[in-house]
Amino acid sequence: MENTKQVKSMPEWLKKALGFARDHVYDIFSVAGLVLCVIIFSITSNGRLWSSYNVGIVIEQVTMYVIISLGAVFVYAMGYMDVSLGSQMGVYVLLMIMIVNATGSLLLAFLVILAMALACGAFNGAVAVWLRLPSIVTSLFLMFIFGGIQYLLIESTGSNTISTSLDMDFFTETWVMAGAMVLVGAIVFYLFNFTKLGKYTKGIGANELTTSQCGVNTTKWKVIAYMVFGVCVAVGSVFLLARTGSGGRGTGSGYAMDIMLCLILGGMPLSGGTRSKVRCAVIGSVTYVLLSNGLLLSGVEMNLVNLVKAIVFLVVVVLSCRDNSGYYPR
Amino acid sequence: MNKFGKKAVALTCAVAMSVGIGASMTACAESGGTIKIGVGVYETTGAAAIALTNYLDALEPELGVEFVQKALSQTDEATNLSAAQELISSGCRGLILTMDSATEAILDECEEAGVYVAGYLNSYDVTYDTVKTHPNFLGTACDGKNDGSAWGASVAERMIADGYRNIGIVKFPSFAFPKQAWMDTAFREVVAEWNEENPDDQVALKDTIELMFAPLDATYLTQNSDIDAIFSICAGTDFIYPTLVANNKTNIKLYTAGMSVNDDILNNFGDRGNQCIQEMVYCSVESVLYPIVLLMNKISDNVFADQPDVAERLDCGQVIVQTSADVDLIKTNSIYYTGDASKAMIKPSEAKELLAANGGTYAKLKAAMEGLTIEALRENA
């Protein structure tokens, strides 16, 4: 009774604030994680975190993760994932190098890998439904196929690494990378929040059967969601190639896991659904890159970096991956 | 666990993380007036990594350097570029890299930042011809010899002398390690010469097979049931020996590149245990002094009078282990096995004599690197 009286006596604005905090507690945790990283590393790096050089390299490193994570939001919102991402990127980078070196046309190279990425998206989305397989199985299949192609491509060159002869410095200009992130972010934000695509992908993640029984062709929207992801993978591959100017037998390895980590660090629910947010991709990618960057700038020893990362990851998962009734994953 | 309990776990983890960061920062606090050098390593665990870390730690006070280690990827170029960028951002004025990956992009980055690069355990097989004249590339210490043909030939002579007449050869793919083919060729040439001179005592060589960075498949042993020895140009203790053990084929002798300090390997070496492994070879950790000295000279504007115009890839001495006595020597007197920097063939206190500022010459540095052999280890004992 006393508590009820206290609540009733609270000012209206405080009640609203508390209500907002209660409804968005997990989003707040993910933002707070990023803010905490920035504050801690700003202090411990003796200001190096904010040097113009470091800001530039953080933007350079984060661009590819943000762009691909933004595309992955559609896939994760459905409660799915794509483990073939790394192998796909490896092949796309090698193909772009080969096409660019042979023809001098980056546009042609991009169109080729875009077509492949769209085909992979369609495959992941449709075949999983037709064969009634979990989509992770079809992406596993693609992972092995692309892993084999990557090996054959690099073996055909007779070298461990190949480089592009094209000057791609334009793509590593800070304003170009920042602009690309803003552009892709704006498109994905619009698609995810104001179109049927976002609505249905979240619906599939929340309850596929119900969504289907509401008259939604879930197969069609799954395919479209995967294809949008494919576009982002193709664009991300261009920025990946622009950074190093080279590719090899292991290019892209581990990126599927990196993107999953980015999204989880950003507060994306692995089960998908209505709590999926575009901002998870941005917040998570920046946090992920800052963790590696900030720990080194703070002088943390190499062997402790993974331990600290693991602890941060554990904290984020414990704090953010629950629903209001306390179940994992939310 | 209730909600409060979970939050308590999270809070404990957060506190542990903060303490960890704080402790590490205290341990790694940058001291004024020292040169900071970044070391990008592809191997972060194991005997070689421990030996390198301990040696670098011991060198820091002697040379007035702070070393910052960062893990490199053996496969992903972007990871390695990011590592180099982060080392530069942390204030490193020189980088020692063990991978030839994204090298040109890293050198472009270094040129803009005024940072120099030198290699360690790295022959820069892919980019050497391009980067050897780059103003920010100073040279590299190879993992042993740049051209390992001499070792390949010496193993062939030893295997013939030991009486093996049916020999298999195993290596990594040529696209990844092109120079392993040179060792294979040198080995075959010695055998061909022997066969020509000894028609009644022929040595049969099997076709060379390539391992895709995975252990030897047991079917190889079934298809080649007559082999009595294997010449492994790749790391045989990791990729071949386990297969021999698993298939009860330790009667096949193994002569291999690479080294292991695993007791299971060392206890079955030479005339001990199952006597399967007969030769190992490795490049000792002291060869990291080559890039360190080049970087320190350059950063402090002291150049050797006899410094080559073009950045070199330097051959370093190889510790070739052939007998059980050699194993005992390594167990007791090498930094590689003990991790004890005081057992280094070039003591940390002697390292500064190699610097140009202290009267060192390039010829002296080169001789010191070439002298990192089993003979030097014996003298050091």
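This structure is a prediction, so every number in the text was calculated from the model and none was measured. First the proteins, then the strands, lettered A, B, ... as listed; each starts at 1.
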Spatial distance of atom [atom1] ([X]) from atom [atom2] ([Y]) [nearest 0.5 Å]:
{"X": "B:Ser82", "Y": "A:Leu296", "atom1": "OG", "atom2": "CG", "value": "11.5 Å"}
{"X": "B:Ser90", "Y": "A:Asn293", "atom1": "OG", "atom2": "CG", "value": "9.5 Å"}
{"X": "B:Thr127", "Y": "A:Asn160", "atom1": "OG1", "atom2": "CG", "value": "11.5 Å"}
{"X": "A:Asp169", "Y": "B:Asp108", "atom1": "CG", "atom2": "CG", "value": "7.5 Å"}
{"X": "B:Glu104", "Y": "A:Ser246", "atom1": "CD", "atom2": "OG", "value": "7.5 Å"}
{"X": "B:Gln85", "Y": "A:Gln61", "atom1": "CD", "atom2": "CD", "value": "5.5 Å"}

Find the one option among A:Leu49, A:Leu241, A:Ile57, A:Asn54 whose heavy-atom pairs under 4.5 Å with chain B are most numerous.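 Ranked by heavy-atom pairs under 4.5 Å with chain B, first place is A:Ile57.
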Determine the minimum heavy-atom distance between [X] and [Y], stating which atoms define it.
{"X": "B:Asp76", "Y": "A:Ser253", "result": "CB-OG, 4.5 Å"}
{"X": "A:Leu297", "Y": "B:Glu86", "result": "CD2-O, 4.0 Å"}
{"X": "B:Glu77", "Y": "A:Gly247", "result": "OE2-C, 3.3 Å"}
{"X": "A:Tyr255", "Y": "B:Ala78", "result": "OH-CB, 3.3 Å"}
{"X": "A:Arg48", "Y": "B:Gly91", "result": "NH2-CA, 3.9 Å"}

At a 4.5 Å cut-off on heavy atoms, which part of B:Leu87 comes close to chain A: side chain, backbone, both, or neither?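 Both backbone and side chain.
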Please flag which part of B:Phe213 lies under 4.5 Å from any non-hydrogen atom of chain A: side chain, backbone, both or neither. side chain
Is there a side-chain contact (heavy atoms from CB on, under 4.5 Å) between B:Val126 and A:Ser159 once you walk through the steps? CA-CA 7 Å; B:Val126 178; A:Ser159 175; 4.1 Å; yes
Against chain B, label A:Arg249 side chain, backbone, both or neither, depending on which of its atoms sit under 4.5 Å from a heavy atom there.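 Only the side chain of A:Arg249 comes within 4.5 Å of chain B.
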Segment of A:Ser292 engaging chain B (4.5 angstrom heavy-atom cut-off):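 Answer is both: backbone and side chain atoms of A:Ser292 are under 4.5 Å from chain B.
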